[in-house]
Amino acid sequence: MERNQEIFRTVLPGGGRTGTGRMSPIATIKDVARQAGVSISTVSRVLNNTQSVSPELAEKVTAAVERLGYCANAAARGLRVTQTNRIAIILTSLSRVFFTTVLEGIHQEASQLGYSLLITETHDNIQEEIRAVDFFASQWVDGIILASSAYGTDKTTRDHIARLGSLFKKDTRIPVVTLEFPLNNAQVGAVVIDHEQAAYEAVRYLLQDLGRRHVIHISHPAWHYIGQKRILGYRHAMENAGFSLDECTVLEGDYSTYSGHALTRQALKRRIPCDAIFCANDQIAVGALKACEESGVSVPEQIAIVGIDDIFAASIVSPPLTSVHVPKQEMGAAAMKLLHSMVENGCAGRRKIIKLDYELIERATTRKGAENSLKFLEW
């Protein structure tokens, strides 16, 4: 019996409730042993696959488990066997469409490797992230994949980052791999893209290839690593094209379509010079596109729009959105493979940072009649 099947199997025999309306008693390992006519140690060997058992005894134990609806207690079993075959996924927000495909990549790889997934979100709150890490470590997961909000120099953040390299269950380290950007901890792996360079190339495309002169940037929160790196890329491209920092306009958003919509309407109302908008992600860009439509501004004739991530919506909005494609499914799969390697090797050796490539996909928000590329459309 696979461990992940044990973890999620119902523990209530006979459908959940007795005829009296009270919950049926939860089957124990003693009940399984009694039902199968074997010792408790034999049941344990079959469930944990720690020693060979005759096919006849194994069949008796399996049949008893099925009849009783027995579920092995993963935490109790961990007192003897440290590997639980469970991985924790901690994301900043499940509402960020970006993570949908990342999760698909993690799930596909985890399924092949025999892991179950436990998932939560932190809403970009460092205290929530700390609590989530502590909770999953107490559940003895085998490893953690983390989209972190830990960026800053305050003591709480520094202590949290330091702790991520020293999480243990018994004497076994719980490895951590971060998504999108690395943390300042030599024990923590990462799967990333070069955010500054990706932003630079998107803005250079608007300036050099399209000849736009007034590019504004709707950013992620400026306190965050990714927000800062994409702002730097934008400013670097503008400076290289001969613009001063005074001619760079950064409107700080969050990650949402709402912020893209509100800030674009604000820019249009204030008549900020603008013939192109570089958005820090596609959800922001969709909001900017909607604001232009409502204001009677034609895209791309009057304002060109570029996003980053290339989520599925980029190909199906009207007009289709030019975006920097980030290989999201590959990011998830690579993170799961890296974490599995760290679990198997006991986090030995130097940490690994995997840097993924990206690609600008040109569509109709920047060039009229551009191919509506479905090359990376992911459902």
Side-chain angles (χ1 to χ4, degrees), residues 87 89-92 96-110 113 143-152 161 164-165 175-205 217 219-221 224-237 240 255 278-282 306-311 314 322-345 347-362 375-376 378:
I87 298 297
I89 314 296
I90 303 174
L91 304 177
T92 53
R96 279 187 63 193
V97 181
F98 175 87
F99 286 125
T100 303
T101 312
V102 175
L103 277 173
E104 183 63 26
I106 294 173
H107 177 261
Q108 288 181 1
E109 194 63 33
L113 294 169
I144 297 173
I145 295 176
L146 173 64
S148 184
S149 300
Y151 186 69
I161 292 173
L164 290 174
V176 177
V177 171
T178 61
L179 299 169
E180 298 194 272
F181 69 95
L183 295 178
N184 186 25
N185 186 321
Q187 303 299 321
V188 177
V191 182
V192 306
I193 68 163
D194 188 331
H195 298 282
E196 184 175 348
Q197 188 62 26
Y200 175 85
E201 292 182 15
V203 177
R204 183 177 62 182
Y205 160 76
H217 175 39
S219 74
H220 286 327
H224 196 276
Y225 176 95
I226 297 174
Q228 291 184 9
K229 290 296 183 181
R230 292 183 181 177
I231 290 170
L232 285 174
Y234 160 72
R235 287 175 172 163
H236 186 200
N240 279 2
Y255 305 94
F278 165 56
C279 299
N281 69 10
D282 288 350
V306 174
I308 290 187
D309 289 343
D310 195 27
I311 61 175
T322 295
S323 182
V324 177
H325 175 77
V326 177
K328 300 169 286 299
Q329 188 159 344
E330 183 182 343
M331 177 177 286
M336 187 63 243
K337 288 178 182 177
L338 176 56
L339 189 67
H340 173 67
S341 174
M342 294 171 73
V343 169
E344 293 295 300
N345 297 322
C347 305
R350 294 179 59 188
R351 77 155 166 179
K352 189 171 185 180
I353 297 177
I354 298 172
K355 185 175 288 188
L356 302 178
D357 292 330
Y358 51 84
E359 178 182 352
L360 181 78
I361 306 299
E362 187 178 51
K375 178 179 179 182
F376 296 111
E378 297 158 325

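This one's a predicted model, so the numbers in the text were calculated from it and none came from an experiment. This chain uses plain numbering: 1 for the first residue, then up along the sequence.
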Next on the checklist: So Glu180 and Met331, do their side chains get closer than 4.5 Å, heavy atoms only?
Outcome noted: yes
Checklist entry - Taking atom CG of Leu339 and atom NZ of Lys337, what is their separation to the nearest 0.5 Å? => result 13.5 Å
Checklist entry - Between atom NZ of Lys229 and atom CD1 of Ile193, what is the distance when rounded to the nearest 0.5 Å? => result 12.5 Å
Checklist entry - Do the side chains of Gln187 and Leu164 get nearer than 4.5 Å, heavy atoms only? => result no
Item to check | Qualifying residue, where the test is side chain to side chain contact (heavy atoms under 4.5 Å, CB included) with Phe99 and the options are Ile311, Ile106, Thr92 | outcome: Thr92
Item to check | Side chains of Phe98 and Asn281 in contact at under 4.5 Å (non-hydrogen atoms) | outcome: no
Item to check | Spatial distance of atom NE2 (His340) from atom CG (Asn345) [nearest 0.5 Å] | outcome: 8.5 Å
Checklist entry - Is the CG atom of Asn184 crowded by more than 12 outside heavy atoms at less than 6.0 Å? => result no
Item to check | Close side-chain approach of Leu360 to Thr322, heavy-atom, < 4.5 Å | outcome: yes
Next on the checklist: Using every non-hydrogen atom in the two residues, find where Asn185 and Gly165 come nearest and quote the distance to one decimal.
Outcome noted: ND2-N, 3.4 Å
Checklist entry - What are the two closest heavy atoms between Asp310 and His325, and how far apart are they? => result OD2-ND1, 3.0 Å
Checklist entry - Say you draw a straight line from CD1 of Ile226 to OG of Ser219; how long is it, rounded to the nearest 0.5 Å? => result 12.0 Å
Checklist entry - Pick from Val102, Thr101, Thr100, Leu103: which one makes a side chain to side chain contact (heavy atoms under 4.5 Å, CB included) with Gln329? => result Thr101
Item to check | Heavy-atom closest pair, residues Thr178 and Leu183 | outcome: CG2-CD1, 3.7 Å
Checklist entry - In Å, rounded to the nearest 0.5 Å, how long is the span from OG of Ser148 to CG of Leu91? => result 11.5 Å
Checklist outcome for this item: Residues Ala280 and Ile308: closest non-hydrogen pair is O-CB, 3.8 Å
Next on the checklist: Is there a side-chain contact between Pro175 and Val343 in this structure, where contact means two heavy atoms from C-beta onward sitting under 4.5 Å apart?
Outcome noted: yes
Next on the checklist: Working to the nearest 0.5 angstrom, can you tell me the gap between Leu146 CG and Ile90 CD1?
Outcome noted: 5.5 Å
Checklist entry - Do the non-hydrogen side-chain atoms of Pro182 and Val188 ever get within less than 4.5 Å of each other? => result no
Checklist entry - Nearest heavy-atom pair of His217 and Phe278: which atoms, and what distance? => result ND1-O, 2.9 Å
Checklist outcome for this item: Nearest heavy-atom approach of Ser323 to Asp282 is OG-OD1, 2.8 Å
Checklist entry - Should the pair Phe181 and Tyr151 be assigned to parallel (<30°), tilted (30 to 60°) or perpendicular (>60°) ring geometry? => result perpendicular
